[in-house]
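Heads up: the structure comes next, in structure tokens.
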Amino acid sequence: MVVRVVQATPEDAEAITRLRVLGMANDPLWKASMGDASIDDQLKCIGAGVQARVGIRKELGTSQILKVVDEEGNLLGFTGVEIPKSLNDEEKARIKAETNGHPLPGENKALAEFFEIYFEPLLRKHGYDPTKHFKRLGLMVSIDHQRKGLGRILTVKANEIADEKGAATYVEAGPKAAALFRAEGFEELERLDINLEKFGAEGGTASMYIMKRDPQKRTQ
């Protein structure tokens, strides 16, 4: 099968959102985070974020989504990349206007607050600076095309983008994705084990890894 990696456009937002939401449906941490939210509400909420990343954030140069497609252009997988850049107040206001107003009814608010309060400081503790470093956001391959190396293809492309800029890349990854990232040059900085029962959810303990990859010199 011949595949290629290209940048996603606003027209891809719906398909990317569905792949993300439905592909994560059985992940313990995702299920705990979604709480009682319906699939329709998840699609609306997550879709707003995806639309911003292929729309206003892409326009401002702070984000892009890479998609891997087959010969017919069918979506097989995707990954998000946050691009280092300083934004002025007007640009921040434009992004906020596009992304606000899409709450997720029924979500696990305690777990959502935990991520918001804990993870950004945790990344910064390990040196992450959104004006200097790349950050990966999500890596998803459709069920029918897993174990074909597509996740690696997306990761290699994202690494090349960071290498061209000479900047490090950070990522928050679950166990399966973390294994791929290790194989592609990421170093584990910290492991966080989350007891989901403390947040009123089932699923036992879920692990997240904070990882970093330093830029590699390009060979001629």
Side-chain angles (χ1 to χ4, degrees), residues 1-8 12 16 19-31 33 50 53 63-71 74-84 115 118-120 122-130 132-194 203-220:
M1 179 175 61
V2 177
V3 300
R4 56 195 174 96
V5 176
V6 296
Q7 286 195 37
D12 298 310
I16 288 172
L19 179 56
R20 174 71 170 170
V21 171
L22 300 182
M24 293 294 291
N26 294 319
D27 179 82
L29 186 55
W30 179 274
K31 289 173 67 175
S33 299
V50 172
R53 295 192 181 283
S63 179
Q64 62 178 264
I65 293 180
L66 303 174
K67 64 176 182 176
V68 59
V69 299
D70 61 16
E71 299 95 322
N74 297 310
L75 177 69
L76 307 180
F78 74 91
T79 192
V81 181
E82 284 198 348
I83 302 168
F115 282 122
Y118 191 78
F119 267 99
E120 195 67 28
L122 184 60
L123 283 168
R124 290 183 181 275
K125 183 186 82 170
H126 289 290
Y128 172 66
D129 183 339
K132 298 179 180 178
H133 305 127
F134 285 82
K135 181 183 176 184
R136 292 287 297 280
L137 291 171
L139 175 63
M140 182 65 60
V141 174
S142 68
I143 294 176
D144 293 339
H145 294 91
Q146 291 179 5
R147 297 188 177 278
K148 297 180 180 180
L150 301 184
R152 179 182 180 276
I153 289 172
L154 286 164
T155 297
V156 168
K157 180 61 178 179
N159 287 349
E160 289 175 353
I161 293 172
D163 290 345
E164 289 177 357
K165 297 292 185 181
T169 303
Y170 286 78
V171 67
E172 304 157 4
K176 291 183 179 180
L180 171 61
F181 288 130
R182 286 192 197 95
E184 296 303 324
F186 283 78
E187 171 190 5
E188 180 183 326
L189 302 177
E190 188 167 340
R191 170 177 166 170
L192 179 65
D193 294 320
I194 305 169
T205 299
S207 297
M208 290 290 292
Y209 298 82
I210 305 299
M211 309 182 78
K212 176 187 178 183
R213 177 185 179 273
D214 289 319
Q216 306 296 308
K217 291 183 179 179
R218 300 179 67 189
T219 58
Q220 299 297 326

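In this structure, T155 OG1 and L150 CG are separated by 10.5 Å, a value rounded to the nearest 0.5 Å. Residue E82 holds its CD atom at 4.5 Å from CG of L137, rounded to the nearest 0.5 Å. Here CD of E184 is found 10.5 Å from CD1 of I153. Values are rounded to the nearest 0.5 Å. Atom CG of residue L76 and atom CZ of residue R4 lie 10.5 Å apart, to the nearest 0.5 angstrom. Between N74 atom CG and K67 atom NZ the span is 9.5 Å, to the nearest 0.5 Å. A distance of 7.0 Å separates CD in E160 from CD in E164, rounded to the nearest 0.5 Å.
Taking all atoms of both residues into account, the shortest heavy-atom contact from A178 to A173 is N-CB, 3.9 Å. The two residues A25 and K31 come nearest to each other via the heavy atoms O-CG, 2.9 Å. Taking all atoms of both residues into account, the shortest heavy-atom contact from G203 to P28 is O-CB, 4.4 Å. Pairing each heavy atom of A162 with each of T169, the nearest pair is CB-OG1, 3.3 Å. Scanning all heavy atoms of the two residues, the minimum distance from D214 to Q216 falls at O-NE2, 2.9 Å. Closest approach of G151 to V141, counting heavy atoms only: N-CG2, 3.9 Å.
With hydrogens and angles ignored, the 3.5 Å screen pairs no side-chain donor or acceptor of E190 with any backbone N or O of E188. Between the Y128 side chain and the K135 main chain, no donor and acceptor come within less than 3.5 Å of each other.
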Stepwise, does the side chain to side chain contact (heavy atoms under 4.5 Å, CB included) test hold for L75 with I16? CA-CA 8 Å; L75 177 69; I16 288 172; 4.0 Å; yes
One pair to check against side chain to side chain contact (heavy atoms under 4.5 Å, CB included): L66 and F78. What are the steps and the verdict? CA-CA 5 Å; L66 303 174; F78 74 91; over 6 Å; no
Apply side chain to side chain contact (heavy atoms under 4.5 Å, CB included) to the pair L189 and E187, showing each step before the final yes or no. CA-CA 6 Å; L189 302 177; E187 171 190 5; 4.1 Å; yes
For K125 and I210, run side chain to side chain contact (heavy atoms under 4.5 Å, CB included): C-alpha distance rounded to whole Å, both residues' side-chain angles, the deciding distance at 0.1 Å, then the answer. CA-CA 11 Å; K125 183 186 82 170; I210 305 299; over 6 Å; no
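A heavy-atom distance below 4.5 Å is found between the side chains of Q64 and I161. Between F186 and N159 the shortest side-chain heavy-atom distance falls below 4.5 Å. Using a 4.5 Å heavy-atom threshold, the side chains of V21 and W30 count as touching. Residues H133 and P215 form no side-chain contact, since every pair of their non-hydrogen atoms from C-beta on lies 4.5 Å or further apart. D129 is not listed as a side-chain neighbour of P84, based on a closest heavy-atom distance of 4.5 Å or more. When side chains are defined from C-beta on, I194 does not count as touching Y118, because their heavy atoms never get closer than 4.5 Å.
A cation-pi arrangement is present between R182 and Y209 under the rule of less than 6.0 angstrom and at most 45 degrees off the ring axis.
Using a cut-off of 4.0 Å between Lys/Arg side-chain N and Asp/Glu carboxylate O, R213 and D163 are scored as salt-bridged.
Around NZ of K148, the count of heavy atoms belonging to other residues, nucleotides or ligands within 6.0 Å exceeds 12.
No hydrogens or angles considered: a donor-acceptor pair under 3.5 Å links the side chains of T79 and R136.
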